[in-house]
Structure formats: structure tokens, C-alpha cells
Amino acid sequence: MKLLLNATNFKTETLRKLEVYAAKRFSKLPKFAPKHAKYEPVIKVFSKYSKRNGIYEVKVLFRVNKREFIVQISDENVLRAVDLATSSLKNQLISMKGKRWLNT
């Protein structure tokens, strides 16, 4: 699993912490995809810090077969935003579990 992190307006210590934490959290997502599915082994995470509002924006893209799951979360804490994005993506993958994945 590869994690591509694109962050703007972050301090280096926060960026390192975010990178380690996001890799740990998002590494668990492929087990919720179907066994026969072809997923892109790359999770793209775009994060931005708004200095004016003091809010972090996290956008996550994860592709399974031809479907693209996108989650966009805004929060005051970047680690909480990553947690919310992970749980939202996990719920989306679980809700699609019983449906046909192969031809879509």
C-alpha cells in the first residue's frame, strides 16, 4: 500500500506526524475491499491548513476496480480528520460489499 500525501501550510513536525499516522490508519482499508477486486494500491491524501479559520481539510481518494471513493473532511484537528476520513471510507466499502464489484 502506497500513500501519496500532498500537504500545504503545514509545519514539518506536524507533517511527519500526519504522514506516519495516515499510513497507519489507511493501511487497514484494503482488507475491506472484495478479494477479487483490483484496487489501485495507492491512497491519495490531500490536506490543507487554513490559517485564517484554523481548520484542516483532508480529502482522500481510493480506487477499487472502476469506482472511486472520495471523502472530504474539515476539522480543527488533523488527526481527527484522518480518523473520520478512514471510518467514512471503511463504511463506504462495507456498504458496497454485497453488491457486484467486478463489472462496475
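Residue numbers count from 1 along this sequence.
With values rounded to the nearest 0.5 angstrom, L84 atom CG is found 11.5 Å from L89 atom CG. L3 CG to K24 NZ: the interatomic distance, rounded to the nearest 0.5 Å, is 14.0 Å.
The salt bridge (charged side-chain N to carboxylate O under 4.0 Å, His left out) pairs that include a residue from residues 78-92 are R25-D83, D75-R80, where partners are two or more places apart or lie in different chains.
When the side chains of ILVMFWY residues are joined at heavy-atom separations under 4.5 Å, either directly or via intervening members, V71 and I94 end up in a single hydrophobic cluster.
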Pairs under 3.5 angstrom only: tabulate donor-acceptor contacts from the side chains of residues 12-19 to other protein residues two or more places apart or in another chain.
none

Under 3.5 Å, side-chain donor or acceptor atoms of residues 51-60 against the rest of the protein: list the pairs with distances, not counting sequence neighbours.
none

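Chaining together hydrophobic side chains whose heavy atoms lie under 4.5 Å apart places L61 alongside F46, I70.
At least one side-chain heavy atom of F10 sits under 4.5 Å from a side-chain heavy atom of V78.
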For this session: List the steps, then state whether side-chain contact (heavy atoms from CB on, under 4.5 Å) holds for V45 with N6.
Result: CA-CA 6 Å; V45 179; N6 184 2; over 6 Å; no

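Partners of E76 according to the salt bridge (Lys or Arg N to Asp or Glu O under 4.0 Å) rule, which considers only residues two or more places apart in sequence or in another chain, do not exist here.
In plain terms, the two heavy atoms of F26 and P30 that are nearest each other are O-CD, 3.8 Å. Here the closest heavy-atom approach between residue L5 and residue S47 is recorded as CD1-OG, 4.3 Å.
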